[in-house]
Amino acid sequence: MQPLFLYNTLLRKKEEFKAINPPFVGLYVCGPTLYSDVHIGNCRTFTSFDIMYRYLLHIGYKVRYVRNITDVGHMENEDAATGEDRIGKQARLKQLEPMEIVQRYSFGFREVMSLFNILPPSIEPTASGHIIEQIEMTQKIIDQGYAYEKDGNVYFDVEKFSKTNNYGILSGRNLEDQLNNTRDLDGQEEKKGRLDFALWKKAKPEHIMRWNSPWGEGFPGWHIECSAMSKKYLGETFDIHGGGMDLIPTHHTNEIAQNIGCCGAAPVNYWVHTNMLTLNGQKMSRSLGNVFLPAELFSGMKLAEDSPSATPSQAKLNGKHPLFEKAFSPMAVRFFMMQTHYRSTLDFSNEALQASEKGFERLMEAYKTLQTIPASTTSSEDVKGIEAKCYAAMNDDFNTSVLIAELFDVVKIINSTNDRKTQLTQADIDLLKTIYQHFVFDIMGLKIETENDKTTVVLDKVIHLVLDIRNDAKTNKNFSLSDKIRDNLNSAGVTIKDGKEGSSWKI
RNA sequence: GGUCCUGUGGCCGAGUGGUUAGGCUCAGCUCUGCAAAAGCUGCUACUCCAGUUCGAACCUGGACGGGACCUCCA
């Protein structure tokens, strides 16, 4: 097993990963709230954890990866009297059942995840499917004395909890600062302390989603779902919990409090947080209104207006965002994301994306070249050393940025061997193929995008026929014909590359 | 206002107390009928000021700039 170091938000430093029950690993990541389309910022988080999941699997762990779907309980302006369940609100606005809202957006979510080649988690539980577990956990927290009921609402008693526990252990904030800096909000009267948060909310008459509970009809608070579901599927204490950095001060802080309040144990050994995605230097978020959707970026994502997976916003778009000169493939965007470490902010821009797209194409072209390069009796390159560096990069807190730099060394070796400037033994060529398989395809989750369907196979034959004709023309020094073929293919979107071993093409 | 992060060459973006990050762009060369591709070479940076050190972009302090969180947010 590779020695893996990861950055633990709890300690604010990297430490070596030790699983509780190796080779098993429990991984929980906070999933989306399906009241609208997932945006690119959400995708970055899920892509980052996809890499971690893939790497843990690759180095031999048996991972149970739980990523929830929030379909109830996620409030707008949680503490305000006007607070409203996000999904309930959408349902009211669109005159649909709440579950229709969730169903609609989960199609879109799954489609986007699959376009990004993000592996599905082992379990994808929904909050509404675990109401009983949430009620039980809430009751247990009350029994332990860390929560109280008031007029059908149940609140977590942060002040009481803080007497014996460090509430701000994850955020690094002390209680006094938080108390002094919390703004005045509505609906504070019935709570004992201003930091107290809801475990259970009483349903108003117009509220659609409601369940019976010991405290009357209502619905669960947002934070309790992750505690209840992670406890159910991964245990009272599990290995890794992830999510976006913006969840640290509230959601994850409260998860820790709930779990200790219920079970007397910290829920997680390693907290891992991904940084935000910015657009023109500003965080992309729904509240700022500067989000954009994968469909606005991707080429070929054509959803029919009446497709069940087409949310109204997706259907119109298809790779036409005003900020970007052209559409990009999902794999180019995935590669772009991995060029930045997951704990750094990632700024989306047209230029940066185009640079990544070219780099990605070069990486993939080299893989094709690798299939045909000649073997020598000796090697002039240290391929084993590169493989070791690739593992070292990933072991150092999943440093995909450094990994990619190592992989471009591989590209260099492949190309120069192809040009007969360096030599590789067959064993080294095979090892390079293994490196590609492991790091590019299995771990980074990239894939070659040209489909191997019938039309592609036929097209390949047709273009090779045309290239043969062009070659004959070149041999006969009929350059006007050969250039005409090349130019016309070019304008049709086919690029010709003349190499030592003949011509090749790509779209 | 409080807490915290950050400032790297034309652009994006790693990194470590002393050694080439990498990608993209640009220029020159090799190859080529020309071009593209590929290869080679060059452009060699670390906001500013002070300190610690034999030596700092990397540690400490300050200034200025950017950002995040403190309210829902991945």
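Atoms considered below: every heavy atom in the structure, side chains included; atoms not considered: hydrogens, waters and symmetry mates. By convention in this document, chain letters (A, B, ...) are assigned in the order of the sequence lines, proteins followed by strands, and residues within each chain are numbered from 1. These numbers come from a predicted model, not from an experiment.
- Judged by distance alone, with hydrogens and angles left aside, the side-chain atoms of A/N68 form no donor-acceptor pair with the main-chain N or O of A/C226 at under 3.5 Å.
- Of the listed nucleotides (B/G23, B/A74, B/G33), B/A74 has the atom at the smallest distance from the side chain of A/H39.
- Closest to the side chain of A/V402, out of B/C11, B/A14, B/C69, is B/A14.
- Between A/N42 and B/A74 there is a side-chain N or O to OP1 or OP2 distance below 4.0 Å.
- Residue A/F360 is the one, among A/K421 and A/F360, whose nearest nucleotide of RNA chain B lies closer to the 5' end (criterion: closest heavy atom).
- Considering only side-chain N and O atoms, A/N399 lies under 4.0 angstrom from the phosphate OP1 or OP2 of B/G15.
- The aromatic ring of A/F408 does not sit over the base of B/G22; the criterion of centres under 5.5 Å apart with planes under 30° is not met.
- Of the side-chain N and O atoms in A/R362, one or more sit less than 4.0 angstrom from OP1 or OP2 of B/C24.
- Taking the six-membered ring where tryptophan is involved, the planes of A/H252 and A/W271 are tilted, since the angle between them lies from 30° to 60°.
- Aromatic ring pairs are classed by plane angle as parallel below 30°, tilted from 30° to 60° and perpendicular above 60°; the pair A/Y436 and A/F441 is tilted.
- Using a 4.0 Å heavy-atom criterion, one finds that A/L247 contacts the sugar-phosphate atoms exclusively.
- The residue among A/A405 and A/K412 whose nearest nucleotide of RNA chain B lies closer to the 5′ end is A/A405.
- Side-chain N/O atoms of A/S349 include none lying less than 4.0 angstrom from OP1 or OP2 on B/C12.
- Residue A/M284 is classed as a base contact, given a heavy-atom separation below 4.0 Å to a base.
- In this model, the phosphate group of B/U25 is approached by a side-chain N or O of A/K358 to a distance below 4.0 Å at OP1 or OP2.
- Picking from B/G2, B/C12, B/A14 the nucleotide with the shortest atom distance to the side chain of A/A352 gives B/C12.
- A side chain to side chain contact (heavy atoms under 4.5 Å, CB included) with A/Y342 holds for exactly one of A/T47, A/N399, A/D397; it is A/D397.
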Task: From CA spacing to verdict: salt bridge (charged side-chain N to carboxylate O under 4.0 Å, His left out), A/K412, A/D409 - done: CA-CA 5 Å; A/K412 229 172 199 180; A/D409 270 355; 5.6 Å; no
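- Within 3.5 Å, no donor on the side chain of A/S401 pairs with an acceptor on the base of B/A14, nor the reverse.
- Backbone-only contact: A/S344 has heavy atoms under 4.0 Å from sugar-phosphate atoms and none from a base.
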